[in-house]
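For reference, the structure discussed in these notes is given below.
Just so it is clear: chains get the letters A, B, ... in the order the sequence lines come, proteins before strands, and each one is counted from 1.
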Amino acid sequence: MVARGLSKTYRLGFWMNRKVRALEGLDLELHPGEAFGLLGPNGAGKSTTLKILMNLVQPSSGAAALFGKSPRDEGARRSVGFLPENPAPYEYLTGREFVRLCGTLVGLSGHELDGRVKEVLGVVGMERAADLLIRRYSKGMIQRVALAQALIHRPKLLVLDEPTSGLDPVGRRLMRDIILAERQKGTTVLFCTHIIPDVEAVCDRVAVLVGGRAVRRGTTQELLSAAAPHWELAVEGMSAEQVRALAAPSVQVELIAGKAVAKGADAEVQALLRKVVEANGRVARLQPVRFSLEDLFMEALKEARGGTVGSEIE
Amino acid sequence: MIRSFAALAWNGFREARRNRVTLVVAAFAVALLVTGMLLTSSTVSVLERVLADVGLGAMSLSLSLLAVFLSSGLLSREIDRRTIFLVVSKPVSRGQFLLSRQAGNMITLTAMLAAMSLLFWGQHLLYGFSATQPMVAAVGGLWFELFVLTSLGLLLSSFAGQITSGVVALAVYLAGHLSADLYRLATRSDSLGVKVLGKAAYYLLPNLERVSFRGQAAYNVHVDGAAFWGGAAYALGYSAVLLGLGVIIFSRRDFK
């Protein structure tokens, strides 16, 4: 999957004279077999990107290609499994009928179709409820059936829009396990979410989208190690003011649950540790603070504030 | 491609069946029974004509309204409910999707027209009358009229919401039965504007009277083959233009 300079401006209103920019100059490239996460807050342009790739929305400028072909080409979408955000399968069908219909649309038939329908419904844990009408399903069951239809034809590329949103912990775990199993089989996975632990658990590479632009990108490891390491020191028997007086100015000290907790860079916290021991303070805890994708996400969000993307421009 | 088309078309019929649309046939059966009982006591001398007129009229009205209802909100409903995301993201073109939905609607309407026709002829047999050539032509003509109406509904729903599409489709249905009268009235007018408007309406609106043979059926007047097939070709041609426009518009639409 390749996207070059992808932009999208929606025209709204009765006269189509109001413009809202949803995406601006996005470049993306997925390598075969990798899991790529698009991370971003609501309105960042994640779903718009996926919709352009699935031919649901036409880009205003730029181009995307799936297996070397335009997403408008039906052949390009033949090897793609798509799970949209809040999927809505036909509720007058049973789960089995819906998955079967989707299997037919991607070109399966006969015994192969029968076998695959049974198999994917088993993978998502829906074999027992497969013959109930979808209108009787819970949100989690709908999500599972929608994932089953995306897997029916053993896609080479799996495009998932918020696959775990709204699911209970069991459903989330199952969804994650299935995605990981698909990745192990060599399926390329592109998924977008604002649930950061999912990205950390599943993705090789990440792009952080804010206001329609990719503001960070790289492997999960690269992005996390790029940040300076921080340490946290919790002290008992001293007030926050006493600890602050011993610490370097850049060290942040606050009172948490009766302990003075100092956070700062490695060398500064080590120096503070010595001073606290000399001052007969009791060290309750000394640990590295893991810089998470969540911190990275929040940092990127702060930096990117003030752009015109995602809001009305005319 | 053909298998996908057939699967989507059959799915359209299944949707109508499971949403109990076929109850219209049951309502039609009850209406036939009641009107039959009422008419035998009041209009003995012209019973055959009145039964044909009422039966075909009820069939036409109920199926035409159903055609408008089924087609006018079809695409907008799919977009609003987001069911379309899971289908058009498959290797299915937008045009194929739209035409298969049209086929699904026509399977539903054909099945209902067949069931209603059987009930209608059953009623005639019950009263000792037989099916006539104009009656068969009237039922056949109604099928082509339904084809035009569903095509129109689909075209409208490719860019407008359900209520707008429904209202416009109903207005066109009514005007489509009056377009020849509008033309005649316009030609007699002294105003150039009215003349131009009347002619424009005549050429733009579907002339549904070309496939309406209910009058001939009621008075048992033989329907000429050329008139029937000419009307059928006109209806199919008009529908092809509507569907073509629908495919063009629908193919360019964004699904936000």
Side-chain angles (χ1 to χ4, degrees), chain A residues 8-12 20 22 47-48 50-60 71-94 97-110 113 133-135 145-146 149-150 152-153 159 161, chain B residues 1-23 70 74-101 103-105 108 159-161 164 247-256:
Chain A
K8 178 66 189 176
T9 302
Y10 289 110
R11 288 174 171 272
L12 306 174
V20 171
S47 293
T48 300
L50 300 195
K51 283 178 182 172
I52 290 173
L53 293 174
M54 298 318 301
N55 191 38
L56 297 170
V57 165
Q58 308 304 318
S60 306
R72 292 183 74 97
D73 187 325
E74 291 140 44
R77 304 196 301 273
R78 196 168 291 281
S79 304
V80 184
F82 177 52
L83 172 67
E85 185 182 5
N86 299 321
Y90 292 123
E91 58 175 22
Y92 52 83
L93 298 181
T94 65
E97 286 169 342
F98 182 71
V99 175
R100 199 180 170 76
L101 171 68
C102 292
T104 310
L105 297 182
V106 292
L108 300 180
S109 61
L113 177 60
L133 286 180
I134 290 174
R135 62 169 62 114
V145 163
Q149 64 78 35
I152 183 87
H153 55 308
V159 177
D161 193 351
Chain B
M1 187 175 154
I2 291 170
R3 199 172 277 137
S4 311
F5 183 88
L8 283 171
W10 185 251
N11 190 53
F13 177 55
R14 194 158 45 178
E15 177 182 11
R17 211 160 28 100
R18 294 210 176 150
N19 288 338
R20 310 247 193 284
V21 166
T22 41
L23 282 178
L70 285 178
L74 201 147
L75 298 177
S76 52
R77 238 183 358 250
E78 289 252 15
I79 296 165
D80 291 345
R81 292 179 186 171
R82 303 154 72 97
T83 47
I84 200 160
F85 288 9
L86 288 167
V87 182
V88 295
S89 57
K90 299 275 182 301
V92 173
S93 73
R94 304 259 183 110
Q96 192 186 347
F97 177 77
L98 188 137
L99 295 177
S100 63
R101 296 301 271 164
N105 274 355
T108 307
F159 61 87
T164 312
V247 168
I248 291 169
I249 295 167
F250 190 59
S251 299
R252 289 159 186 263
R253 257 198 93 160
D254 281 343
F255 305 127
K256 290 169 201 159

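- Remark: A:Tyr92 OH to B:Thr83 OG1 distance equals 7.5 Å, nearest 0.5 Å.
- Under the 3.5 Å distance criterion, the side-chain polar atoms of B:Arg82 are left unmatched by any main-chain donor or acceptor of A:Ala88.
- For A:Ile52, no part lies near chain B; criterion is any non-hydrogen pair under 4.5 Å.
- Between the CG atom in B:Leu8 and the OG1 atom in A:Thr104 there is a gap of 9.0 Å [rounded to 0.5 Å].
- Judged purely by atom type and a 3.5 angstrom limit, B:Arg252 has no side-chain atom pairing as donor or acceptor with the backbone of A:Gln58.
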Go through the steps to decide whether A:Leu12 and B:Lys256 satisfy the test side chain to side chain contact (heavy atoms under 4.5 Å, CB included), and finish with yes or no. CA-CA 11 Å; A:Leu12 306 174; B:Lys256 290 169 201 159; 3.6 Å; yes

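- Remark: B:Ile2 CD1 is loosely packed, at most 12 non-hydrogen atoms of other residues, nucleotides or ligands lying under 6.0 Å away.
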Can you list the steps and then say if B:Leu86 with A:Phe98 is a side chain to side chain contact (heavy atoms under 4.5 Å, CB included)? CA-CA 10 Å; B:Leu86 288 167; A:Phe98 182 71; 3.7 Å; yes

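- Distance check, rounded to the nearest 0.5 Å: OG of B:Ser4 to CD of A:Glu74 gives 9.0 Å.
- Proximity to chain B (any heavy atom under 4.5 Å) is restricted, for A:Arg135, to the side chain, taken from C-beta onward.
- Crowding of B:Arg77 atom CZ: a count of heavy atoms from other residues, nucleotides or ligands under 6.0 Å exceeding 12.
- Contact annotation for A:Leu105: both backbone and side-chain heavy atoms come within less than 4.5 Å of a heavy atom of chain B.
- Ion pairing between a basic and an acidic side chain is recognised when a charged N comes within 4.0 Å of a carboxylate O; A:Lys8 and B:Asp254 show such pairing.
- Your options are A:Val57, A:Leu56, A:Asn86, and the one with the most heavy-atom pairs under 4.5 Å with chain B is A:Leu56.
- Taken from CZ in B:Phe85 to CG in A:Asp161, the straight-line distance is 9.0 Å, to the nearest 0.5 Å.
- Your options are B:Arg253, B:Lys90, B:Gln96, and the one with the most heavy-atom pairs under 4.5 Å with chain A is B:Lys90.
- A:Asp73 contributes atom CG, which lies 11.0 Å from atom OG of B:Ser93 (distance to the nearest 0.5 angstrom).
- To the nearest 0.5 angstrom, B:Phe255 atom CZ is 8.5 Å from A:Asn55 atom CG.
- Salt-bridge annotation for A:Glu97 and B:Arg18: present, with a side-chain N of the basic residue lying under 4.0 Å from a carboxylate O of the acidic one.
- Per-residue counts of heavy-atom pairs under 4.5 Å with chain A were compared for B:Arg81, B:Arg17, B:Arg94; the largest is that of B:Arg94.
- Looking at every heavy atom in both residues, A:Leu93 comes nearest to B:Arg14 through CD2-NE, 3.4 Å.
- Heavy atoms closer than 4.5 Å to chain B are found in the side chain of A:Arg72, but not in its backbone.
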